*Asks:* 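This is the structure, below, for whatever I ask next.
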Amino acid sequence: MPLRVHDTRRREKVDFSTMSPGKVSMYICGVTVYDLCHLGHARCYLAFDLIHRWLEKSGFDVNYIQNFTDIEDKIIIRAQENGEDWRELVDRNIATYFEDMDALNILRADKYPRCTDYVEQMIEIITDLIQKENAYVADDGVYFDIESAPEKYGSLTGQNIEAVRQGAGGRVDDTGSSKRDHKDFALWKKAKPGEPTWDSPWGEGRPGWHIECTAMSMELLGAQFDIHGGGHDLRFPHHEAEIFQGECHTGIEPVVHHWLHNGFVNIDGEKMSKSLGNFWTIKEILEKVDPMVLRLALINAHYRSPIDMNEQLLTDAEKNMARIEDTYRKVLLAEEEEPVQLPRAEITSGLPLGRSLGLLEVMASDFAKAMDDDFNSREAIAKLLAAMREISRMMSELSGDDLAAYAGYCVEWIEEHAGQILGLLKSRAEILAEAEEDPRRAEITEKVEQLLVKRAEVRTAKDWAAADAIRDELTTMGVVVTDTSAGPTWDIL
RNA sequence: GCACGGGUGUCAGAGAGGCUAUGAGCGGGAUUGCAGAUCCUGAGACCGGAGUUCGAAUCUCCGCCUGUGCUCCA
């Protein structure tokens, strides 16, 4: 089954194709580094991380470019507020960006260009656009003239140029700048006092926001490339501006073959925004939940749908994550090195083991179908959880060599799907050592062991009241006891 | 107002003409002294109205509700 993706420009799912066989060129709009990253950024880069992983898994060689916008009004303002050089601010925020993304197990892009390194290319493009009369020089900057290519207007949002003109009403007259029409957008802004500046044929100044992505994507990927993505809000005006700039400059269209946009994160039903006071940074939320839990919560919806972030979403994710990790731990402990012959995998097999392997194969193929259908991670996770149940069920029926061999197969199954593709798995060592590594464990081990011995005694005497009293005592110490067939185990809550 | 998405059980959230979504919660059962974990299992849904069809949550039309964009924003 071929990979299908929803393309914003064509407004439907289309077969995915690449310009050069086996290779994918992908440009994703990065962050403007004036502040810490928030949940919305996490969701966006998680969405494209999944796309990145799935494309590679499907055999494509992906060239993934993600930029940093390191010069922009908000950066200048924030740096002034902080009384620091804008470069310091930018460097610090880029460093924390990587901390956040690494914590969420987001694979690195191939390149992270900064727009200030591409001013020269931007100037070239702007010069050419002026020459082709797609842009004009005004008092306070250079602007793109929308009327020079009106047919491109609304290509991502379906907006009609006439309707917008009428709807805009009075705003058309007062643009607050020297541009001719309110729809035109800045390519170059002439410097105001105290601002960082670059030399240009139009005097000192700095680039407009939209031109940077055109310059960087063109320089690094060429006049046309396969995937361009970003948040839903970037469709207009940012990405439409890129279509104007790129296509008018090169005369080649479409500049982008597949436009992909991810949905937003809402908090308790409201749009996340600073003014509403419901703004969560990644750092804040990671103080409360494990990064893999957050990752699961955010990929547990289709990337184009909005997500409503709330407590229940996180507790659901917590439980499901624990279930995945527990199953993974179980199979890791049961797996054996020696190769044991497994029966043929087929769901019609008379052997329970063969049937179970067959079921896992079917689930793997359903998982792949889901990912091929516009990267439907939600559906893929449903298959993963179904597999966890099947594995758990089968494990309890097996013993000896069969169990060891089956567990070995399951380790690979889980590592491939939950690990490589969904990026949800911690390392083997972490999974196995997690409980033991708690530093508090050493301090209380002796006390806990004593209490457990005492509890074992009264349990043998069937004095359940005394046994429960001991367990309550342990609970107040923050220790949870779990009875298993091999005796009690305990963990720190 | 214009544009683009949505409205699925208690909640979250897939599916897109006939076939179990999945998870949490709730009910029953196995295991267990109990609890937890695990497994088996039950109840429970497709906004309203028309239409197309042998058959519609899925397609068409109308209505209602809702999110986002139209200004910096992932």
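Predicted, not measured: the structure shown is a model, and the values here were computed from it. A, B, ... follow the sequence lines: proteins, then strands. Residue 1 opens every chain.
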*Asks:* For A:Arg389, which contact category applies under a 4.0 Å heavy-atom criterion: base, sugar-phosphate, or nothing?
*Replies:* sugar-phosphate

*Asks:* Kindly say whether, by distance alone, the side chain of A:Asn320 makes a donor-acceptor pair under 3.5 Å with the base of B:G23?
*Replies:*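 Looking at the base of B:G23, it does not pair with any donor or acceptor on the side chain of A:Asn320 (distance under 3.5 Å).
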
*Asks:* Ring centroids only, cut at 6.0 angstrom: are A:Phe68 and A:Phe98 within range, meaning strictly under it?
*Replies:* yes

*Asks:* Provide, to the nearest angstrom, the distance between the NE2 atom belonging to A:His6 and the P atom belonging to B:G15.
*Replies:* 13 Å

*Asks:* Counting only distance, no hydrogens or angles, is the base of B:C4 paired donor-acceptor with the side chain of A:Arg11 under 3.5 Å?
*Replies:*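 There is none.
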
*Asks:* Give one of base, sugar-phosphate or nothing for A:His302, where a contact means two heavy atoms less than 4.0 Å apart.
*Replies:* sugar-phosphate

*Asks:* Side chains of A:Thr281 and A:His38: is there a donor and an acceptor less than 3.5 Å apart?
*Replies:* no

*Asks:* Carefully, step by step, assess A:Tyr27 and A:Tyr64 under the rule ring pair (Phe, Tyr, Trp, His ring centres under 6.0 Å).
*Replies:* CA-CA 6 Å; A:Tyr27 184 98; A:Tyr64 180 5; 9.2 Å; no

*Asks:* Is any NZ, NE, NH1 or NH2 atom of the basic residue among A:Lys13 and A:Asp7 found under 4.0 Å from an Asp or Glu carboxylate oxygen of the other?
*Replies:* no

*Asks:* Hey, is the side chain of A:Asp468 pairing donor to acceptor with the base of B:G33 inside 3.5 Å?
*Replies:*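 Yes.
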
*Asks:* So does A:Arg455 reach the base of B:G33 with its side chain, donor to acceptor, closer than 3.5 Å?
*Replies:*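 For A:Arg455, whose side chain was compared with the base of B:G33, there is a donor-acceptor pair (under 3.5 Å).
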
*Asks:* Among B:C4, B:A74, B:C34, which nucleotide has an atom closest to any side-chain atom of A:Arg235?
*Replies:* B:C4

*Asks:* Counting the atoms with a prime plus P, OP1 and OP2 as sugar-phosphate, which does A:Arg393 contact under 4.0 Å by heavy atoms, base, sugar-phosphate, or nothing?
*Replies:* sugar-phosphate

*Asks:* Can you tabulate the close N/O pairs, meaning under 3.5 Å, that link protein atoms to atoms of nucleotides 25-32 of chain B?
*Replies:*
{"unit_1": "B:G25", "atom_1": "OP1", "unit_2": "A:Lys319", "atom_2": "NZ", "d": "3.2"}

*Asks:* Just the rounded figure in Å: distance from C1' of B:C73 to CH2 of A:Trp280.
*Replies:*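 About 20 Å, once rounded to whole Å.
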
*Asks:* Is there a residue in residues 100-114 of chain A whose heavy atoms reach under 4.0 Å of RNA chain B, and which residues are they?
*Replies:* none

*Asks:* So, is A:Arg323 close to the B:A37 phosphate, meaning a side-chain N or O under 4.0 Å from OP1 or OP2?
*Replies:* no

*Asks:* With distance as the sole criterion, is a donor-acceptor pair present between the side chains of A:Asp374 and A:Tyr303 under 3.5 Å?
*Replies:* yes

*Asks:* Among side-chain atoms of A:Trp54 and A:Asp372, is any donor-acceptor pair under 3.5 angstrom?
*Replies:*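 Side-chain D/A pair, A:Trp54 to A:Asp372: present.
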
*Asks:* Heavy atoms only, 4.0 Å cut-off, all strands: where does A:Gly230 land among base, sugar-phosphate and nothing?
*Replies:* sugar-phosphate

*Asks:* Tell me whether A:Phe264 is stacked on the nucleobase of B:A74, counting only the six-membered base ring and applying the 5.5 Å and 30° thresholds.
*Replies:* yes

*Asks:* Using a heavy-atom cut-off of under 4.0 Å over every strand shown, decide if A:Ala301 touches base, sugar-phosphate, or nothing.
*Replies:* sugar-phosphate

*Asks:* Round to the nearest Å and state the distance from A:Lys383 atom NZ to B:G15 atom P.
*Replies:*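 After rounding, the reported distance stands at 11 Å.
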
*Asks:* Under the side chain to side chain contact (heavy atoms under 4.5 Å, CB included) test against A:Leu234, which residue among A:His228, A:His210, A:His239 passes?
*Replies:* A:His239

*Asks:* Any luck finding a side-chain donor-acceptor pair between A:Lys74 and A:Thr32 under 3.5 Å?
*Replies:* no

